[in-house]
Structure formats: C-alpha cells, structure tokens
There are 2 protein chains.
Amino acid sequence: MGIDWGTASPLGLKLKSLGAQADDLNIVLQVLKRHVIVAAHDNVVQETDAPGQVTALLAGMSCAYKRWEDGGRSILTFQHPGDFCDLLGYVLPASQAAIGVQALTDCTVVVIDYQDMDKLLSRPTLAPAFWRASMLEAAVYRERLSHTGRGTALQRVAHLLCEQLARREAVSIHSPQLPLSQTDVADAAGLSVVHVNRTIQTLRRLNVLSKASHAIEVVDRKQLTEIAGFDGRYLIMPKLASKWDG
Amino acid sequence: MGIDWGTASPLGLKLKSLGAQADDLNIVLQVLKRHVIVAAHDNVVQETDAPGQVTALLAGMSCAYKRWEDGGRSILTFQHPGDFCDLLGYVLPASQAAIGVQALTDCTVVVIDYQDMDKLLSRPTLAPAFWRASMLEAAVYRERLSHTGRGTALQRVAHLLCEQLARREAVSIHSPQLPLSQTDVADAAGLSVVHVNRTIQTLRRLNVLSKASHAIEVVDRKQLTEIAGFDGRYLIMPKLASKWDG
DNA sequence: CGTGCTGTTGAGGACGATCAATGACGGTGG
DNA sequence: CCACCGTCATTGATCGTCCTCAACAGCACG
C-alpha cells in the first residue's frame, strides 16, 4: 500500500501506548489504505457519509465538528497525528450522523475498511487497544464538558490549549506552536471570535503566549496550566495493565 | 447472589439492545454481586476510589460529577437504570480520577469485579456490547458538548431534559417526570440555580412543563424537542449490525 | 420546633455577544 | 508589478444574558 512505519509512526506510537504488541502493529500496517493528502479546510469525512471505513490521521491537524442550521460550527474535538477521526462511527454508526471532520492544516490520512477492522479486532491484544483509543476520546469529551460552561473565557481557552499541547506530546510533538486560527478556538470553546481575540491578547499580555507571532505559540506552559487548572491525568495511558495480558 | 432478571431487567434490556445474546445475559447474571441500596445524596463511587469493580445502576437515578476546589460541582452525565456508572474507569483507570458518582434518588446498584469483567469480555458477542455501551456514553458526552456553550439557557435546559427522557425510554421508563432538583439541572447545564429556576418557570409558562407540581414534569414533549433542537438519533442502537455476527 | 434542602423572587453588575469597520497577509490573475 | 480578493487578526461601541448577592417561603427531617 506504499505505507511504512516511517509515515505511519504516530499511529504506531499511539497504538503501542494503548497496549498493542509489536506484531499487532505489522498487521495494522498491512490493512492501511489510500494514503491521502487533504488540503486545509477540506473535509476529511463528510457529514453525510455512511462511510464503511475508519480514518486515521498521520500528519496535520483536523477537527470533528457539527454544523448548525444558522451556519455556526461547533468543534467537538481536535485531532492530532495518531488519532482516529471517526472510530465512534464504526461502533455506533448512528452517533456519527451530522458530524463531519475537517482538515485545519494540510493533512495526511489513511483509512481502514470496516472488514479489515473486524479482522484487527479479532486479535485479543489489539481489540483492547482500539477500545482504549475510543475511551480516551470519551475522556477528552468528558473533561472538556466539565470545563465548558464553567469558569471565565480565559480559563476555558487556556484549558483548550493545554489539552492540545498534552495530546500532541503524547505522540512526540513538542512544538509550542498550535496551528489553530482564532476562529477554530472560538468554535471549540463556544465563544465568539471577537472575544477569543481579546482573550488571546490577555494571554499575550501575561507573557503566556508569544507576542511576536500572530500565531498561537505558548511560551509559558506552567502559567498556562495554572490559569487553566489543567490536570492531564485523564490523558494518561496505563502502560499495559496486567489484566489485559492473559 | 440473590439477583434475578426481575430486578436486573433494565440491565438485560440494555445489553440486549447493545447486541448481547440471550445466553450472554445469563453469564452476566452469574457475576453480578452485592445488590445494594444507596440513599439519595450518598456516593455510589468515591472520587478517590481505585475501585477494582464496575458498578451498574438497576433502579433510581445517579450522576457522574466532578468536584471543584471552590466547592462547585459539574455534573458530567446523568445515569439511568441499565447504565454503567464507571465503565470508563475500567478501561482507563486514570481518566476516572477525581470523578465521583452520586445517587440523586435512592438507588439500587450491582457490581461486577474486574476479574469477572475480564471473563465477560472474552465472549465474542458480549465484548462488543460493552464496547458499545461505553461508546454510547461517549456519544452522550459529545452531543452535550456540542450544545453546551451554545444557544440560550432555555435551549440548553430543554436539551438536557430531552436527553434524559429519551435515555429513560430506551430502558422502558416512560414517565414524564424526572427526579431532578433544580440544583442538579444547574450543575449539569453549567448555569446558576437562580437562572435555572427562571428558565424552568419560562418552560412552565409555555406549558411545556407542568405548572401543578414543583417537580420537573414534561407535559409537552413535542414543544420541548423543538425548543431544544433535539435529535435523538445519536442514542439509537443499531440492532445487531451484521458485522458482529460472525 | 429548629435545621437543612429546595424552590422562589428582587436588584445590580459583569462577562461575553453582536454589529461594524479596519488592517495585515498571501495568493491569483491581469 | 500591481490590483484584487479572501482569510484572519484586531479594535471600538453597545447591548443582553446570565451571575451574584440577598432574602424568604415551603417542606421533610430529626
């Protein structure tokens, strides 16, 4: 399929941290298909699709979103290399209805056909890894839910940024820059673009974000974490809990 | 263990709708333990517990919540008969940190030890059912996330109520009454109690909620759904998708 | 008969939404 | 090379939803 663990390494990293064995990874590699580049702003998964395949992100940044009648967009979660874009839709097709996935930067994605997924899940060490991947997604939703609708705009934005930094570090992306527009942040935090702009300026004034660039670049991670009240434990993978061994 | 499918029927209903087979259910029945009553306001699961067991709710209503330093409480989700209280914590122990489960009414619960869970998951028709149960929970989080921080207090409260009614109907509870205090609604919707009170009064004035009782009783479901913009499809269980059959 | 929880009401103020306009930047085509 | 365009960032002004503080009523409980 023209895909090796060089390009697919974020996915390998992630599955390994979820408890997959070395030989599992090779099986996964075999079923990866259609190594595709999606341009920024294009859809990775259509809202209307009944897909028949699971998409995984290898490079770039995307988001799962819901579009409203009034044209508004709610960003449900951001996705980073190694993340699955629509795993929830594989298990519960109905829940994926009306939810789309959009590339925020240029993205590299691969897909796994549902039939191949079935094969993968028949492996006793791989199935729990996928289960965990989906539960990690659930944990992210739950954590964001607990912070949204609570606290000030400053705390909400700070928490959002902390989450993305932490999730990127989990797949060895240590850059302090996040390739997000302020519009993206607004749609994810449930705030207006204008207010997000002012909030980001406050963070810059506090020397938490870089004043130099117009992009989002975190220069004081510690202070950001404090403002957010961020506790990254919910993202921690328990390396191979013994109960999965047998 | 003194538990039969009479008392455990909501759990049976739920697992069946998630694709479990008849003989699976009997196996589940065998490992259910410690049929316990928890009084309203007591904790079903401690925030600090490292549990070693999964709890399922058979009767009553509970909530998963997060407690803040300032004493505030965020309600992450409500739980109804047939729901698991801490399934996420079984798959990802770390994510359950600092999250508690509290009884909102008097509750009947059973527990399944982690060792027994491992046994259950070795059954190829049962494991997907549990996966789906957890994904359904994720879908609920995601849907609430998309509505929280968007729309008016009226819409948010209406959506919350719609969700609970729909989830209760899925386990054959068709009562229009919800045993929730306004404080519970406030903590779940991310609004102040005072404002929830005014919002509920508005709903009563619109003849959506009963004016007679001080409890929450929905008398005009259709209008409530309209106000909420509620689309219950995300809760729908695909009855036994063929891909799980083999 | 207190005590605590829940529901209710009033008044004032703050945070963030909305509307409107401008500036900066990169790409595209003439 | 420059004019034009779309996207994104920025700023100002006004307005409204919702929060906060405060007080009181009903009810169940010991």
Side-chain angles (χ1 to χ4, degrees), chain A residues 39-42 61 63 68 70-75 102-106 147-158 160 177-205 209-217 227, chain B residues 39-42 61 63 68 70-75 102-106 147-158 160 177-205 209-217 227:
Chain A
H41 297 93
D42 281 3
M61 191 158 169
C63 69
W68 304 97
D70 59 20
R73 176 183 68 160
S74 286
I75 290 185
Q102 186 180 32
L104 299 177
T105 68
D106 290 350
H147 282 268
T148 307
R150 226 200 119 73
T152 64
L154 194 69
Q155 295 171 309
R156 299 228 293 270
V157 169
L160 199 62
Q177 300 199 6
L178 289 171
L180 292 173
S181 74
Q182 296 185 359
T183 307
D184 297 330
V185 175
D187 288 348
L191 298 166
S192 70
V193 201
V194 173
H195 203 66
V196 163
N197 179 281
R198 290 179 172 133
T199 304
I200 285 180
Q201 285 177 54
T202 304
L203 286 171
R204 286 209 256 258
R205 225 172 297 122
L209 295 184
S210 163
K211 290 173 175 169
S213 82
H214 278 199
I216 297 177
E217 179 179 350
I227 292 171
Chain B
H41 297 93
D42 282 3
M61 191 158 169
C63 70
W68 304 97
D70 60 18
R73 176 183 69 161
S74 286
I75 290 184
Q102 186 180 33
L104 299 177
T105 67
D106 290 350
H147 281 269
T148 307
R150 227 200 118 73
T152 64
L154 195 68
Q155 296 172 308
R156 300 229 292 271
V157 169
L160 199 62
Q177 301 199 6
L178 289 172
L180 292 173
S181 74
Q182 295 185 0
T183 308
D184 297 330
V185 174
D187 288 348
L191 298 166
S192 69
V193 202
V194 173
H195 203 65
V196 163
N197 178 281
R198 289 177 174 134
T199 304
I200 285 181
Q201 286 178 53
T202 303
L203 286 171
R204 287 209 256 257
R205 224 173 299 121
L209 295 185
S210 163
K211 290 173 175 168
S213 83
H214 278 199
I216 297 176
E217 179 178 351
I227 292 171

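Every chain is numbered from 1, with letters handed out A, B, ... down the list of sequences.
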Checklist entry - With a non-hydrogen cut-off below 4.0 angstrom, is G190(B) in contact with a base, only sugar-phosphate, or nothing? => result sugar-phosphate

Checklist outcome for this item: Of all heavy-atom pairs linking A189(A) and T148(A), the shortest is O-CG2, 4.4 Å

Next on the checklist: Output the rounded distance in Å from CD1 (I216(B)) to P (dT6(C)).
Outcome noted: 12 Å

Checklist entry - Given dC19(D), dC5(C), dC8(D), which nucleotide is nearest the side-chain atoms of H41(B)? => result dC5(C)

Item to check | Rounded distance in Å - CG (D70(B)) to P (dC19(D)) | outcome: 14 Å

Checklist entry - Does R198(B) make a side-chain donor-acceptor contact with the base of dG7(C), cut-off 3.5 Å? => result no

Checklist entry - Choosing from dA9(D), dG16(C), dT11(D), which nucleotide comes nearest the side chain of L191(A)? => result dG16(C)

Checklist entry - What is the distance from NE2 of H214(A) to P of dG26(C), rounded to the nearest Å? => result 11 Å

Next on the checklist: Between the side chains of D187(A) and R150(B), is the shortest nitrogen-to-carboxylate-oxygen separation below 4.0 Å, so that they form an ion pair?
Outcome noted: no

Item to check | Phosphate OP1/OP2 of dC21(D): any H195(B) side-chain N/O under 4.0 Å | outcome: no

Item to check | Nucleotide dT20(D), atom C1' - distance to CZ of R150(A) in whole Å | outcome: 14 Å

Checklist entry - What nucleic acid atoms does S192(A) come within less than 4.0 Å of, heavy atoms only: base, sugar-phosphate, or nothing? => result base

Checklist entry - Atom CD of Q155(B) to atom C1' of dT17(D): distance rounded to whole Å? => result 13 Å

Checklist outcome for this item: When rounded to whole Å, the CG to C1' distance for the pair D187(A) and dA9(D) reads 15 Å

Checklist entry - Of the nucleotides dG16(C), dT6(C), dA9(D), which one has an atom closest to the side chain of T152(A)? => result dG16(C)

Item to check | Between P of dT6(C) and CG of L180(B), the distance in whole Å | outcome: 12 Å

Checklist entry - Can you list the steps and then say if L180(A) with L160(A) is a side-chain contact (heavy atoms from CB on, under 4.5 Å)? => result CA-CA 11 Å; L180(A) 292 173; L160(A) 199 62; 5.9 Å; no

Next on the checklist: Determine whether a donor-acceptor pair (N or O, by modelled atom type, separation under 3.5 Å) exists between the side chain of Q102(A) and the backbone of H41(A).
Outcome noted: yes

Item to check | Between P of dC5(C) and CG of D42(B), the distance in whole Å | outcome: 13 Å

Checklist entry - Pick from D184(B), I216(B), T105(B), L104(B): which one makes a side chain to side chain contact (heavy atoms under 4.5 Å, CB included) with P179(B)? => result T105(B)

Checklist entry - Which listed nucleotide (dG12(D), dG7(C), dT9(C)) is nearest to the side chain of V194(B)? => result dT9(C)

Next on the checklist: Can you see if the side chain of R204(B) gets near the phosphate of dG7(C) - specifically, an N or O under 4.0 Å from OP1 or OP2?
Outcome noted: no

Item to check | dT10(D) OP1/OP2 closer than 4.0 Å to side-chain N/O of N197(A) | outcome: yes

Checklist entry - Do the side-chain N or O atoms of Q201(A) get closer than 4.0 angstrom to the phosphate oxygens (OP1, OP2) of dA9(D)? => result no

